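Below you'll find the structure, written out as structure tokens, and then a few comments.
In this text, all values refer to a predicted model and were calculated from it rather than measured experimentally.
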Amino acid sequence: MQRSPMHMSAEAQDALRSALVELRAELKVPLSFPKRVLKAADKAASEARLPDKDATHLPFFTIDPPTSKDLDQAMHLERRPGGGYRVYYAIADVATFVRAGSPLDIEAHDRIETLYFPDLKVPLHPPVLSEGAASLLPNKDRPALLWQHDLDAHGNLTDSSVSRAMIRSRAQLDYAGAQQAIDNGTAEESLALLREIGELREAVEIARGGISVNLPNQEVTLEDGSFRLRYVATLPVEGWNEQISLMTGMSAAQIMLDMGTGILRTQKEQADQNVIKRLHDIAKALGIVWRPGISYAALVRKLDPQNQQHMAFLTEATSTMLKAEYTVFRDSQKPAYTMHAAIAAPYTHCTAPLRRLVDRYTGELCVMACADKAPPNWVLDALSCIPCDTARGKGGLADRQTVDLAEAAVLKDRVGEVFDAAVTDTDAERGRPREGKVFLADPAVLAKVVSTNGLDLQLGSSIRARLKQADPAADEDKVLFTVP
């Protein structure tokens, strides 16, 4: 689902532009790199020690948004003689360029992650690396951490390892183009296999009890000098691509657990029986049949976010999931909890080192483990700091506040108007049944609503909501609707 972007007036465009500048100042976002860091990046790009192993004969391809230049992952897929599949998955080898204690390393620990705003990108590493020497750009020889995954005919992982190698991507694809080529039968075999393997891995995920919630994303972009706000549903190829990344993250987690040292991305299950009962009550109220013995994971896979009641349940249910965190362990002291509840397996971040600090460390640990070598000191020295460092990341906050600002800007000139809306969340369980959130299909807005007519809000109901406030400069409730 991709709806036409809502038009913003020139005044609203200016208001959003100013608000984004203020947001970056408030978040203390570094808009440039110090000269010493840029100098170190130039030096690293020209003097990096490259791996001896040569895998440039494999015809890798990348799939990313069309304007991306910081390409972390490339893949090549093939059938194995006798049945099953082999997945070669190359990850940008940032550690080849960024040495511990260097200006590049210190700056990366300050930044934590790449930040994306509609009008600019704030990279984790200088562009000479992130969009140049370390990026898996097409027709360029690049150092990589090369994963080899062997799968059986049903998509189950039978073996996995990683080592350093030189690789060469042959094609830079975008999601829409890749989906079209797969659908119309013009995709080369390696790309065509992404669908076959991706669907098998989705079936494995279902059997494992993993949770995939198909909610449309609110997206703010800058196109031809104008901001746009829209809902965008993910394409199937994005899900298949994500399955390769998830498989790698699960493999990396298991390798580190076997090694006895590592960093996991953990998320505990929501065991509160009151929460589980509430989800069942919500489903019943919305007319969603949740049969005995059907898991939450199986239920959400069957729901369609374009159905108003389903959208309300998915929005409410995802808000109950506990936040994921990083868990560090070492010296064979296995952590008390190793699982990521939504993935239903041990898991780690390791596939986006150009854009995420922690991936450089998990990748290095896996390479050393597969080579039967001890973890390097520079990784061990940083392990205890990783959870605290990553907790300072601003990506999630920047994304949420950018959408809030765009919603306020797109509605800025429409205060007082009445819109068709659906109630997707209520505060009834917190004793405030007349407060909640509403979903607007056009414009693409999810915002706070307050009932002022003396009636409680009903989850999943259709209402007529009056826009009371839309102000990008407001400290709270930048967008607020009322039910008169």
Side-chain angles (χ1 to χ4, degrees), residues 29-56 60 62 64 68-74 90-116 120-147 162-169 172 263 349-368 371 373 375-383 385-386 389-390 392-393:
V29 172
L31 299 181
S32 62
F33 287 93
K35 289 183 179 180
R36 69 181 184 283
V37 176
L38 295 174
K39 183 177 180 180
D42 289 336
K43 182 179 175 65
S46 62
E47 298 180 1
R49 183 177 177 180
L50 303 177
D52 295 327
K53 182 178 178 179
D54 187 358
T56 56
F60 286 92
T62 60
D64 293 274
S68 294
K69 296 180 181 178
D70 49 348
L71 310 183
D72 286 289
Q73 313 107 12
I91 306 300
D93 187 2
V94 174
T96 288
F97 302 94
V98 180
R99 301 298 183 184
S102 69
L104 287 168
D105 180 48
I106 294 170
E107 184 72 14
H109 276 266
D110 284 341
R111 292 180 176 236
I112 309 300
E113 61 191 329
T114 296
L115 301 180
Y116 294 92
L120 62 85
K121 178 176 68 177
V122 183
L124 175 61
H125 305 102
V128 69
L129 297 179
S130 62
E131 298 182 357
S135 179
L136 305 184
L137 297 166
N139 303 313
K140 303 286 186 182
D141 290 352
R142 291 289 186 260
L145 306 186
L146 180 56
W147 286 86
V162 60
S163 60
R164 283 192 158 87
M166 293 297 293
I167 69 106
R168 186 179 181 87
S169 175
Q172 181 177 355
I263 312 164
H349 283 154
C350 67
T351 62
L354 289 175
R355 293 169 284 165
R356 202 165 45 205
L357 175 67
V358 68
D359 299 47
R360 172 159 49 106
Y361 293 91
T362 53
E364 190 69 23
L365 285 170
C366 291
V367 167
M368 293 297 105
K373 295 182 180 180
N377 287 332
W378 66 267
V379 175
L380 295 177
D381 291 344
L383 273 184
C385 299
I386 291 294
D389 285 343
T390 53
R392 293 187 287 105

Between the side chain of [X] and the main-chain N/O of [Y], is any donor-acceptor distance below 3.5 Å?
{"X": "Asp359", "Y": "Thr351", "answer": "yes"}
{"X": "Arg111", "Y": "Leu357", "answer": "no"}
{"X": "Thr362", "Y": "His349", "answer": "yes"}
{"X": "Thr390", "Y": "Ile386", "answer": "yes"}
{"X": "Ser135", "Y": "Lys69", "answer": "yes"}

Nearest atoms (heavy-atom pairs only) where [X] meets [Y]:
{"X": "Pro123", "Y": "Ser130", "result": "CB-OG, 4.2 Å"}
{"X": "Leu137", "Y": "Gly132", "result": "CD1-O, 4.0 Å"}
{"X": "Ala74", "Y": "Thr62", "result": "CB-CG2, 3.6 Å"}
{"X": "Pro127", "Y": "Phe33", "result": "CD-CE1, 4.1 Å"}
{"X": "Ala41", "Y": "Val128", "result": "CB-CG1, 3.4 Å"}
{"X": "Val122", "Y": "Pro30", "result": "CG1-O, 3.1 Å"}

Working to the nearest 0.5 Å, report the span between [atom1] of [X] and [atom2] of [Y].
{"X": "Ile112", "Y": "Asp389", "atom1": "CD1", "atom2": "CG", "result": "4.5 Å"}
{"X": "Ile91", "Y": "Ile167", "atom1": "CD1", "atom2": "CD1", "result": "9.5 Å"}
{"X": "Arg142", "Y": "Leu136", "atom1": "CZ", "atom2": "CG", "result": "8.0 Å"}
{"X": "Arg360", "Y": "Trp378", "atom1": "CZ", "atom2": "CH2", "result": "5.5 Å"}
{"X": "Trp147", "Y": "Cys366", "atom1": "CH2", "atom2": "SG", "result": "4.0 Å"}
{"X": "Lys35", "Y": "Leu38", "atom1": "NZ", "atom2": "CG", "result": "9.5 Å"}

Checklist entry - Do the charged groups of Arg164 and Glu364 touch, with an N to O distance under 4.0 Å? => result yes
Item to check | Carboxylate-amine/guanidinium proximity below 4.0 Å for Asp72 and Arg356 | outcome: no
Item to check | Contacts of type side-chain hydrogen bond (donor to acceptor under 3.5 Å, both in side chains), residue Gln172, not counting sequence neighbours | outcome: none
Is any side-chain heavy atom of [X] closer than 4.5 Å to a side-chain heavy atom of [Y]?
{"X": "Arg99", "Y": "Leu104", "answer": "no"}
{"X": "Phe60", "Y": "Leu146", "answer": "yes"}
{"X": "Val379", "Y": "Leu365", "answer": "yes"}
{"X": "Leu124", "Y": "Pro353", "answer": "no"}

Item to check | Crowding at CG, Asn139 (>12 non-hydrogen neighbours, <6.0 Å) | outcome: yes
Next on the checklist: Heavy-atom count check: over 12 atoms from other residues, nucleotides or ligands less than 6.0 Å from Arg36 CZ?
Outcome noted: no
Next on the checklist: Does the structure place the NZ or CZ of Arg355 under 6.0 Å from the centre of the six-membered ring of Tyr116, at an angle of no more than 45° from the ring's axis?
Outcome noted: no
Next on the checklist: Before you tell me yes or no, could you show the steps for Asp70 and His125 under side chain to side chain contact (heavy atoms under 4.5 Å, CB included), namely the whole-Å CA-CA distance, both residues' side-chain angles and the distance that decides it to 0.1 Å?
Outcome noted: CA-CA 10 Å; Asp70 49 348; His125 305 102; over 6 Å; no
